[in-house]
Q: 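This is the structure, below, for whatever I ask next.
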Amino acid sequence: MPSDLVIVYHRQPYEEVEVDGKIEYRENKSPNGIVPTLKSFFGRVDKGAWIAWKQADDPSNPDFEQVIEIEDQYGDYTVSRLPLTAEQVTSFYHVSSKEAFWPILHGFKERYNYDPVDWPTFREVNWAFAEAAAAEAAEGAVVWVHDYNLWLVPGYLRTLRPDLKISFFHHTPFPNADIFNVLPWRKEILESLLACDVVGFHIPRYVNNFVSAARSLLDVETLKREKVSPEMSAETSALSEQSVVTELGYEGRKIRLQASPVGVDTSYIEEVVARDETAEKVARIKEELGDAKLLLSVGRTDYTKGGIEQLESFERLLETRPDLRGKVRLMHVSVAANANMTAYAEIQEQLESLAGKINGRYGTFEWQPIALISRPIPFETLVAYYRAADVAWLTPLADGMNLVCKEFCAARDDDDGVLVLSEFAGAAVELAAAVPTNPFSHKSMDGAIQFALDLPVEERRGRMKANRAMVAKQDIRFWAEDQMRAFGDTVIAVDFAAE
Ligand code: GDG
């Protein structure tokens, strides 16, 4: 049976585990993240489909079923697993996407590595995703494609199936023409995106940047521009915009541009917070801390996340504020998602060397200023650290959104804790009550962390209440609903209240 909603997302929507020689498909251990929200849409259609990839030694004869049927709490849906060789995965994902696109998307021209990109393989893999989506989609179905590693899917899909409604969401920033046009495949990528009905981004800045890139190369027309809502224009952020283009015309078609900030599952986080085990964990962490304050930083190991800049600022803090020695601890969680890539391995080494230097310079037998954690922490434990922290210190140089800051706020129903947030995280346009910091400036970085540590309790509460209200308002459901609404009435009715 063909599907009314097809989600194209490079990862599979469950964990595959082998039990007694048989493969079982299980829900991901932690219901945190966007995958469960995406799957929840399957409950609203007669039939859904998910397209992802799976590694195979011989893609023409894979040792697994390519299309499997799943029936779970979310509904009935098929999962198509495109068999890709290890070489194809490395080429399309680790090389083209991570070494060439990722640095450009985040504005790091100097890290852009063009030479190893194999464009024919990138096209081939994207074509395979498009073909698989076309095979599953019913007449007039919605196909929702995620992220830049699938940039060419909309264009191919439009050729294969002109009847479909295609939406594409970027989880990263989108740079302006000056930076985007470093990519030699710029025109092909933009033309593919303009084959969509809806192109989604986290915030208005990325939308306007996309328009700047499109305008530089193609004859696009701005059909509609709207004022940005107050919920997305905090003056404290470097990424705010006053107005945003919401409709473009290209080759006789209208393309809706939609800025919807991804949010977090506040109800799930609150449920974890309410558990007795969480309270016990928080108590243990606080006991361990004694009278020291906990600064918490969480993120993937990536040069975009500003980890080095943060450790350097922490070193200056200990240097200039001897009174804080023994009184603050920084827990820096930096987990490698792509440990085998040179750029990430380098950052990891730099973090380790800097943390070691600071601990060596200031630490004592009783007190180590930095705990550098490189292994993933279970989400429930992470929530306990969110609860125990005095300050969440998040300093990315560029970040599409940054969900950690929202998780931190969602976990603080005690209305305490201070969020220090980079002006260059997408979330900064929403969280006007965060303490803003500019990771490119020593003065700003050092000033913000000291300001946060010295903030009186009433002000902490006022800021946290305001941030929490925004995080609750623009949560994960708001995002999904907003993206779907962009299609107009024709599509899947969204009714979260009915859940
Ligand atoms: C991309 C964009 C955009 C981290 N450490 C642990 C752990 N995490 C979880 C956090 C959070 C997630 O990973 C990280 O999300 P972010 O949004 O902060 O960052 P990216 O991974 O770079 O995500 C980003 C996002 O897509 C969504 O569109 O916001 O800008 O770069 O949920 O909790 N989770 C666990 N242990 C850890 O040690 N369990």
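Every number for a ligand or one of its atoms is a count from 1 in the order of the listing.
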Q: May I ask you to decide whether Asp302 forms a salt bridge with Lys305, counting only side-chain N to carboxylate O separations under 4.0 Å?
A: no

Q: From Trp53 CH2 over to His10 NE2, what is the distance, rounded to the nearest 0.5 angstrom?
A: 7.0 Å

Q: Taking the side chain from Thr395 and the backbone from Pro439, do they hold a donor-acceptor pair closer than 3.5 Å?
A: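 Here the side-chain-to-backbone pair does not exist.
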
Q: Hey, does Pro378 come in under 3.5 Å of ligand 1, counting only N/O atoms on both sides?
A: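 No: no nitrogen or oxygen of Pro378 is under 3.5 Å from one in ligand 1.
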
Q: So if I count the atoms of ligand 1 from 1 in the order they appear, which ones are less than 4.0 Å from some heavy atom of Val404?
A: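 Near Val404, the atoms of ligand 1 are 10 (C), 18 (O).
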
Q: Output the list of atoms in ligand 1 that are nearer than 4.0 Å to some heavy atom of Leu382, sorted by atom number.
A: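 Near Leu382, the atoms of ligand 1 are 6 (C), 7 (C), 33 (O), 34 (N), 35 (C).
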
Q: For Gln350 and Glu346, which I'm curious about, is there any donor-acceptor pair between the side chains at under 3.5 Å?
A: no

Q: What atoms of ligand 1 come within less than 4.0 Å of a heavy atom belonging to Phe379?
A: 33 (O), 39 (N)

Q: For ligand 1, which atoms have a heavy atom of Val335 less than 4.0 angstrom away?
A: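 So the atoms of ligand 1 that pass are 38 (O).
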
Q: OH/Tyr148 to CZ/Phe168 distance, rounded to the nearest 0.5 angstrom?
A: 10.0 Å

Q: In ligand 1, which numbered atoms sit nearer than 4.0 Å to a non-hydrogen atom of Val298?
A: 4 (C), 5 (N)

Q: Check this for me - ligand 1, Glu407, N or O atoms closer than 3.5 angstrom, yes or no?
A: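 Right, the criterion is met.
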
Q: Asp399 heavy atoms, cut-off 4.0 Å: which ligand 1 atoms fall inside?
A: 24 (C), 30 (O), 31 (O)

Q: List ligand 1 atoms under 4.0 Å from Pro376, heavy atoms only on the residue side.
A: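 It comes down to these atoms of ligand 1: 38 (O).
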
Q: May I ask whether Val333 has any heavy atom positioned less than 4.0 angstrom from an atom of ligand 1?
A: yes

Q: Against the six-membered ring of Tyr303, is Arg111 placed for a cation-pi contact (under 6.0 Å from the centre, within 45° of the normal)?
A: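 So Arg111 does make the cation-pi contact.
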
Q: Can you list the atoms of ligand 1 that are under 4.0 Å from a heavy atom of Gly400?
A: 30 (O)

Q: So, for Trp50 and Tyr77, is the gap between ring centers shorter than 6.0 Å?
A: no

